[in-house]
Structure formats: C-alpha cells, structure tokens
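Quick note on labels: first sequence line is chain A, next is B, and so on, each numbered from 1. Just so it is clear, the values below take in all heavy atoms, side chains as well, and ignore hydrogens, waters and symmetry mates.
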2 protein chains.
Amino acid sequence: MALPSTYADRNCSLARALEIVGERWTLLIVRDAFFGVSRFGDFATQLGIPRAVLTNRLKFLVQEDVLAHVGGEYRLTAKGLRLWPVLRAMMAWGDAHYSPGGAKRTFRHEADGGTLDPQNRCSACGGVVPIAETSVEPGPGYTAPDTDPDPVSAVLTQPRRLLEPLT
Amino acid sequence: MALPSTYADRNCSLARALEIVGERWTLLIVRDAFFGVSRFGDFATQLGIPRAVLTNRLKFLVQEDVLAHVGGEYRLTAKGLRLWPVLRAMMAWGDAHYSPGGAKRTFRHEADGGTLDPQNRCSACGGVVPIAETSVEPGPGYTAPDTDPDPVSAVLTQPRRLLEPLT
DNA sequence: CACGATAGTTCAGTGAATGAACTACAGTGG
DNA sequence: CCACTGTAGTTCATTCACTGAACTATCGTG
C-alpha cells in the first residue's frame, strides 16, 4: 500500500499496520495461512489472485516477518500469528452486517467443543483459546457454492484445525 | 477494492468486510472519524489524501452506512462504530511490532482514569468500556513531530474524548 | 532423458491513485 | 451590491499498480 507516512501518521500504529497488511489481498493471504494453506499454487487457486501479485505479496510478507518461507512452504511466524485478533474482529464485523443467516464460519475449542466468540473465548470452558487448539467449520450463515469448488476450497470447507497444513 | 467474489470468498466474511473497509485510506478515514474528524477538509488535511479519492471513499462509506452525512458533517453510524474492535486490534498489532517505545496512543476510561487493553477492558474497573466513555492521549511510544503540525493534527494530539467533534 | 507438477516471471492492456488547478456556493464585511 | 474568504467538492493529465494470459525455470520421478 505504501501509505505516505506523514508526521500525523508516523504516530499512528494503525497506519503502520496498514502499510504491512493493508494492501489488497494481503489479509486474505494471511487468512488462508491460518486455514492451513502454505503453497504458492494453493494460494493462487484459492484466492484467484494474479500470480504476479501473489509473488509480490508473499515476498513482502516474508520480508516483514509475517510469513516464513521454509522448505518451499509459507508459514505464519509468531508475528503473523498475532494477526489472529485482527482477522477475527473483521470477520465478526462482516458476519454481523453482511451475513443475515449468521456467521459464515464457526470456530470451536477442540478440547471441549465449545464455540468461540469474536475474542476467542470458549462458550464451554470460558477461557481464551489459543490458535493451535481451535478448529473451523462452516457456520450457520454458510451457503454451499453452486459450482464445484476447486480441491483446495473443498478441503477448506471441511471442519479442520487451524494451521494444519493441507494434506 | 472490489475484490472479486469467488465462490470461495462468498463464504468468507473477512472478504466481505474487506470489500467495504479494505480499500486504501478507508480505515484511516474511519479512525479519524472516531477521533472526532467530521468535515471534508479536515479529513483531507489530516490524511494528506487526494481530494478526489476522499470524495469517493466518503461517498462509498455513506452508501454502505458506515458513515452518515448530515448537516455537512460525516459521522459514524452504529455500523461504523462497530468497527472499533477492528481498529483497536490493528493498532495493538502495529504497536507491538512497530513501536518499540510502547503504544503510540493510550486509551483511557474517562470515568476512573484506567487504561484500556486492546479489548477495551479497563485496568481500574475491569469492565469493557464503551466508546463514548473513552478518551485518547499520546502514549509512551509517541514521538513529537519535527515540523509544526497542521491545526487539525495539533488538536488530535491533545487528550480528548472519542467521537467529540473538533471545535 | 522425457514428463508432469510446482513456482514463479514477463508483458501488454486497463483501471485506479496522485497532485495540482479549477469550480461552486454560502456567509461576511464594506 | 460586491469583493473576500472558507468549505466542499470536480476536473484532468500523469503515474502507478493490478489483471490475465502465456511463458520459463526447476525439481523429482520413471
């Protein structure tokens, strides 16, 4: 995005954060990484993003230490994992205002099956659930696609644990 | 931004949310609205955004019911106010990773002076503080600009209550 | 060494952002 | 009545980034 850093924005961490994750496609790439996507081709087919742009974004995210590129796979770093609250907050807002049937995805505490609120607090045990212990599944607002999804999307709509690499 | 809504993304509220607030400049405009900016010219000078782009963004945000345009002023709607957790989450991430001296801004519960964590929980009373009761001030990571700020920026670096219109 | 799979690069065409200048209009003072 | 100022935009040529399709590179396998 390369927002100009004016003196006003030099003192705003929101502007700084947006320079990293505010570019088009970037947060969707990060979301897919949370869902277990790790390969160039999988990002490309899942998002329908031009490969040239994907190359740029991945390069930048690696440079900024949001993703790590190891063994041909892109994985979230500790810094990238800390974007989880941002994604959850945005999803919650989108669910609340653009998904009349309820949340498009349900997040669950694997240990006890409780559902997670936007702050990742478990309805069963009451604790804040770490990413490694949460799983995703289609929520009440989910609507099945009319066309057959690509294999990557098909896997991603199955209930699965976060961060688990695609088979 | 007009992200293409593929079958995959039709079922993701993150993608939907990004179509609204994922465009360049948009979240900074919303942030300024939380800080009390409400006039076209103030947004323009504060953000350094091209006026043509500002016109587009404001028009779109009004159309999407994030802002309301009444009496020549742009104000956050209920839907817009619900973006507060998104902004807070992003600011927290930016503070954590790009502001070694600490948060650039401190948010405070006006009633008891307690500071707010990223979930807006008050350190003093322990409750989640509504927007109308919180105030902003420069935080420990704030650094004074080297050049004289414009009048709008100057006002915004004073401790002030959120949503309070600029004088 | 041929073959397919994966990970990119290249490039022409298009659309959006930029920045500076310009218009529209309302209110104020002389 | 008219200049003057402030606010809110619009216009436009330039630059830049995204798009989509095709192409190249590299690796592992048989």
Side-chain angles (χ1 to χ4, degrees), chain A residues 1-9 15 18-29 32-33 36-64 67-75 150-153 155 165-167, chain B residues 1-9 15 18-29 32-33 36-64 67-75 150-153 155 165-167:
Chain A
M1 185 178 261
L3 284 168
S5 49
T6 64
Y7 36 78
D9 281 342
L18 286 173
E19 285 177 21
I20 313 302
V21 296
E23 281 183 309
R24 200 171 164 162
W25 297 109
T26 300
L27 277 181
L28 294 176
I29 292 171
D32 272 13
V37 178
S38 66
R39 317 206 71 105
F40 184 92
D42 290 343
F43 285 112
T45 67
Q46 229 283 317
L47 294 171
I49 175 177
R51 303 169 82 83
V53 176
L54 180 58
T55 301
N56 286 342
R57 295 295 186 274
L58 289 173
K59 205 173 288 180
F60 183 65
L61 287 172
V62 168
Q63 177 193 312
E64 288 294 330
L67 296 179
H69 195 189
V70 286
E73 296 199 330
Y74 293 93
R75 294 296 184 77
D150 60 278
V152 180
S153 300
V155 172
L166 307 186
T167 49
Chain B
M1 185 179 261
L3 284 167
S5 49
T6 66
Y7 36 79
D9 280 343
L18 285 172
E19 286 177 21
I20 313 302
V21 297
E23 282 184 308
R24 200 170 162 161
W25 295 111
T26 300
L27 276 181
L28 294 176
I29 293 170
D32 271 13
V37 178
S38 67
R39 317 206 72 106
F40 184 93
D42 290 343
F43 285 111
T45 66
Q46 230 284 315
L47 294 171
I49 177 178
R51 302 168 82 84
V53 176
L54 180 58
T55 300
N56 286 341
R57 294 295 186 273
L58 290 173
K59 205 173 289 180
F60 182 64
L61 287 173
V62 168
Q63 176 194 312
E64 289 293 331
L67 296 180
H69 195 189
V70 286
E73 295 199 329
Y74 293 93
R75 294 296 183 78
D150 59 278
V152 179
S153 299
V155 172
L166 307 184
T167 49

(message) So, applying side chain to side chain contact (heavy atoms under 4.5 Å, CB included) with Ile29(B), which one of Leu58(B), Val53(B), Val37(B) is it?
(response) Leu58(B)

(message) Rounded to the nearest 0.5 Å, what separates atom CG in Leu67(B) from atom CZ in Phe43(B)?
(response) 6.5 Å

(request) Check whether any side-chain heavy atom of Phe60(A) sits under 4.5 Å from a side-chain heavy atom of Glu23(A), and report yes or no. (result) yes

(message) What is the distance, to the nearest angstrom, from the CG atom on Leu54(A) to the P atom on dT19(D)?
(response) 12 Å

(message) Any non-hydrogen side-chain atom of Arg75(A) less than 4.5 Å from a side-chain atom of Pro165(A)?
(response) yes

(request) Do nucleotides 6-12 of chain C as a string where each nucleotide becomes B, S or -: B if the base has a protein heavy atom under 4.0 Å, S if just the sugar-phosphate does, - if no protein is that close. (result) -BBBB--

(request) Looking only at non-hydrogen atoms, find the nearest pair between Ser153(B) and Gln46(B) and report the distance. (result) OG-NE2, 2.8 Å

(request) Figure out the CZ/P separation between Phe60(B) and dA17(C), and round it to whole Å. (result) 12 Å

Using a cutoff of under 3.5 Å, can you pull out all pairs of nitrogen or oxygen atoms linking the protein to nucleotides 16-18 of chain D, with atom names and distances?
from    : atom 1 : to       : atom 2 : distance (Å)
dC18(D) : OP1    : Arg57(A) : NH2    : 2.6

(request) Verify, without hydrogens or angle tests, whether Thr26(A) (side chain) and Gly22(A) (backbone) share a donor-acceptor contact under 3.5 angstrom. (result) no

(request) Measure across Leu61(B) and Ile20(B) and return the closest heavy-atom pair with its distance rounded to 0.1 Å. (result) CD2-O, 4.4 Å

(request) Rounded to the nearest angstrom, tell me the gap between atom CG in Leu18(A) and atom P in dA17(C). (result) 15 Å

(message) Rounded to whole Å, how long is the line connecting atom CD1 of Ile49(B) with atom C1' of dG9(D)?
(response) 13 Å

(request) Check ring-ring contact (aromatic ring centres under 6.0 Å, His included) between Tyr74(A) and all other residues, then give those that pass, not counting sequence neighbours. (result) His69(A)

(message) What is the distance, to the nearest angstrom, from the CG atom on Leu47(A) to the C1' atom on dG20(D)?
(response) 16 Å

